[in-house]
J.: 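Questions regarding the structure given below will be posed in turn.
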Amino acid sequence: MNATGMDNSASEGISRRRFLAGTSSILGAVALSAQAFPARAVDGTRVPALVIGTGYGGSVAALRLAEAGVDVHMLEMGMAWDTPGPDGKIFANTTSPDLRSYWLRTKTKQPLSNFLGFPLDKAVPRHTGILDAEEFGGITVYQGRGVGGGSLVNGGMAVTPKRENFGAVLPSVDADEMYGTYYPRANAGLGVNTIDPAWFETAECYQYARVGRKHAERSGFPFVFVPDVYDWDYMKREAAGTATKSALAGEILYGNNHGKKSLQQTYLARARATGRVTVSPLHKVTSVTPAAGGGYTVTVDQIDTGGETVATKSMTADRVFFAAGSVGTSKLLVKLRATGALPHLNGEVGKGWGDNGNVMCGRANHMWDATGSLQSSIPTAGIDNWAAGGAFAEVAPLPTGIETYASFYLSITKNPHRAEFTWNAAAGRAELNWQTAWKQPSIDAAKTIFDKINAKEGTIYRTDLFGVYKIWGDHLTYHPLGGAVLGRATDNYGRLHGHPGLYVIDGALIPGNTSVNPFVTITALAERNIEKIIAADL
Ligand code: FAE
């Protein structure tokens with residue numbers, strides 16, 4: 001008998017021997033991770049619930065299903081990230097990317113690609129690293145890869161949208177329920193906390209944010225503190241020299257070795273503690289199709305750290321939860337519809353994808369407005385011009401270790417454009433029809449803030465951060481949303497139309513924009529949906 005209650009010991013024995021043979025020769029890191037979180041992707045196994053992906057949506061689903069007594073297996077294409085490398089650290093530093101940093105690339109693709117006009121990217125060994133810079137025709141979409149999904153790489157900014165904006169974020173969802181129950185539940189589950197305002201006033205590492213505040217307020221913009229999942233007390237100890245530095249050592253993007261409460265420390269730790277959740281890292285789902293005896297057959301490639309397939313496995317599940325992220329879930333679903341594996345998915349699958357209006361820029365300050373050589377990598381504040389100009393700008397760090405006199409911002413903007421994923425059968429891949437020119441409304445919205453600040457301060461935009469004489473970082477997003485939109489591709493709780501027992505439970509449900517950073521909304525929506533699904537379907 002296995003943890004799922006099914007007796008399949010014979011096939012399990014054979015497959016496990018094959019699995020272990022693979023891990024010992026190629027996947028040492030996976031073998032170690034199995035001690036922390038038992039891995040059980042066993043060829044031929046039947047499980048009650050399979051979750052594809054271990055980010056926010058997947059972690060909420062796994063925890064709540066397990067608490068309801070359901071055994072869950074999670075399949076994750078990225079690594080476990082629980083084993084130190086040769087330098088004794090699990091995660092690489094932002095200033096010195098190495099093989100741990102990028103997902104199967106031979107050269108880094110840093111979001112901020114240039115400095116003083118010089119390109120920053122460098123060669124790295126091809127490896128299943130933590131940050132995927134996935135390139136589509138008109139946009140590069142950054143995503144976390146590994147057990148914990150985007151929580152491994154992100155800045156931890158944990159923002160609940162203003163209630164007056166919620167109707168535009170998720171029009172079919174009851175705001176009273178979200179603000180009364182699910183946002184508070186998500187914030188508690190994620191360990192969201194807020195910086196001590198008194199410490200903020202004196203901390204050397206937030207001089208850049210105080211300069212950002214001064215400029216925002218002198219131009220009449222509201223400046224707001226932004227909650228985060230980073231442990232602020234830990235950061236105080238970093239500053240005092242009594243704890244190993246992470247945020248104050250510039251760690252971000254490629255993982256934080258200390259201080260940040262990623263999903264590994266929150267939802268996934270609780271899921272593990274139930275004893276009902278197992279996880280297989282380096283397992284990439286390639287197909288889901290109805291199984292002969294009911295439920296769904298899930299095909300999964302086990303890959304090595306070079307990205308090569310070392311085994312192809314097949315599992316069966318009564319219920320399958322798509323939590324591969326907006327891009328991962330959308331790509332899978334358009335492929336499965338087009339290839340006939342899930343023929344009854346409707347025409348909404350693939351549609352309604354947006355970039356949360358992300359656009360970046362920098363400003364060059366005067367010499368009397370130094371932003372500090374020591375900058376915490378965790379942003380803690382933003383400029384709110386959403387109502388008047390359609391932009392919410394994070395005052396972001398530039399943790400270079402030297403004084404740059406630069407202010408750097410990631411803006412979230414109201415951008416009306418929505419793209420669609422389609423399956424290109426000839427090329428054998430999913431494509432996204434986003435166009436770079438569609439960022440213009442985002443640039444215009446960001447300019448409502450920064451043109452005014454520049455005019456007031458007598459300053460200019462930096463032109464050296466995204467190329468040679470290029471002001472706007474308009475080629476990327478950190479916040480992919482949509483592709484299997486709630487109430488269109490699915491019902492109002494994420495049940496995919498056409499195939500009972502299949503659910504979407506990640507950022508793919510959200511139609512393209514959250515008006516702030518998205519993961520609290522993704523988590524809260526997952527909490528809402530899984531509660532309904534457990535009550536009604538199980
Ligand atoms: P996600 O967390 O992406 O998890 C999906 C998981 O599925 C990943 O682990 C994938 O590796 C895995 N996967 C994909 N395809 C497959 C497959 N075929 N088989 C098996 N596994 C698969 O999805 N948001 C904020 O709210 N605040 C921030 O400060 C913030 N900063 C960010 C900074 C960066 C650099 C980036 C990249 C993102 C940032 N975000 C931030 C966005 C946030 O991390 C993102 O919205 C969520 O992680 C999305 O959650 P999901 O559950 O949708």
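Just so it is clear, the model here is predicted, and its values are computed rather than measured. Whatever order the structure lists ligands and atoms in, that order sets their numbers, starting from 1.
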J.: I'd like to know if the side chain of Y254 pairs up with that of R100 as donor and acceptor (distance under 3.5 Å, no hydrogens or angles considered).
T.: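 Y254 vs R100: no donor-acceptor pair found between side chains.
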
J.: Between E251 and S246, does any side-chain donor sit less than 3.5 Å from a side-chain acceptor?
T.: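 Yes, because at least one side-chain N or O of E251 sits under 3.5 Å from a partner of the opposite role on S246.
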
J.: Any idea which protein heavy atom is nearest atom 14 (C) of ligand 1, and the distance to it?
T.: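 In this structure, atom 14 (C) of ligand 1 has A324 O, 3.3 Å as its nearest protein heavy atom.
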
J.: Is there a polar contact, in the sense of an N or O pair closer than 3.5 Å, between A158 and ligand 1?
T.: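 The answer is no, given that A158 and ligand 1 share no N or O pair closer than 3.5 Å.
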
J.: Using a 4.0 Å heavy-atom cut-off, which part of H283 comes near ligand 1: side chain, backbone, both, or neither?
T.: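 Under 4.0 Å from ligand 1, H283 contributes backbone atoms alone.
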
J.: Out of Y230, F322, Y56, Y478, who gets a non-hydrogen atom closest to atom 34 (C) of ligand 1?
T.: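 Heavy atom nearest to atom 34 (C) of ligand 1 belongs to Y478.
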
J.: Using a 4.0 Å cut-off to any heavy atom of G325, which atoms of ligand 1 qualify?
T.: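 By the 4.0 Å cutoff, the relevant atoms are 5 (C), 23 (O), 53 (O).
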
J.: Among protein heavy atoms, which lies nearest atom 16 (C) of ligand 1, and at what distance?
T.: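 Nearest protein contact, heavy atoms only, for atom 16 (C) of ligand 1 is M77 SD, 3.4 Å.
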
J.: Consider every N or O of I522 and every N or O of ligand 1, then say whether any pair is closer than 3.5 Å.
T.: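 So ligand 1 has no N or O lying under 3.5 Å from an N or O of I522.
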
J.: Apply salt bridge (Lys or Arg N to Asp or Glu O under 4.0 Å) to E164 and list each qualifying residue two or more places apart in sequence or on a separate chain.
T.: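 Per chain and number, E164 pairs via salt bridge (Lys or Arg N to Asp or Glu O under 4.0 Å) with no residue.
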
J.: Which pairs pass salt bridge (Lys or Arg N to Asp or Glu O under 4.0 Å) with one or both residues in residues 505-521, sequence neighbours excluded?
T.: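 Passing the test, one end in residues 505-521: no pairs.
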
J.: Quick check on contacts: which atoms of ligand 1 are under 4.0 angstrom from a heavy atom of A323?
T.: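 Under 4.0 Å from A323, ligand 1 has these atoms: 5 (C), 6 (C), 7 (O).
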
J.: For atom 33 (C) of ligand 1, which of the options N154, L263, V327, I130 provides the nearest non-hydrogen atom?
T.: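 Looking at heavy atoms only, the winner is N154.
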
J.: When you check the side-chain N and O atoms of Y206 and S376, is any donor under 3.5 Å from an acceptor?
T.: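 A pair is found: one side chain offers a donor N or O, the other an acceptor, under 3.5 Å apart.
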
J.: Below 4.0 Å, non-hydrogen atoms only: which portion of I52 touches ligand 1? Side chain, backbone, both or neither.
T.: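 Near ligand 1, I52 shows its side chain, while the N, CA, C and O stay back.
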
J.: Any side-chain donor-acceptor pair under 3.5 Å between T523 and Y182?
T.: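 The answer is no; no qualifying pair exists.
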
J.: Which ligand 1 atoms are under 4.0 Å away from a heavy-atom of L253?
T.: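 Going through ligand 1 atom by atom, the ones under 4.0 Å from L253 are 35 (C).
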
J.: Consider every N or O of E76 and every N or O of ligand 1, then say whether any pair is closer than 3.5 Å.
T.: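 Yes; the residue has a nitrogen or oxygen that sits under 3.5 Å from a nitrogen or oxygen of the ligand.
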
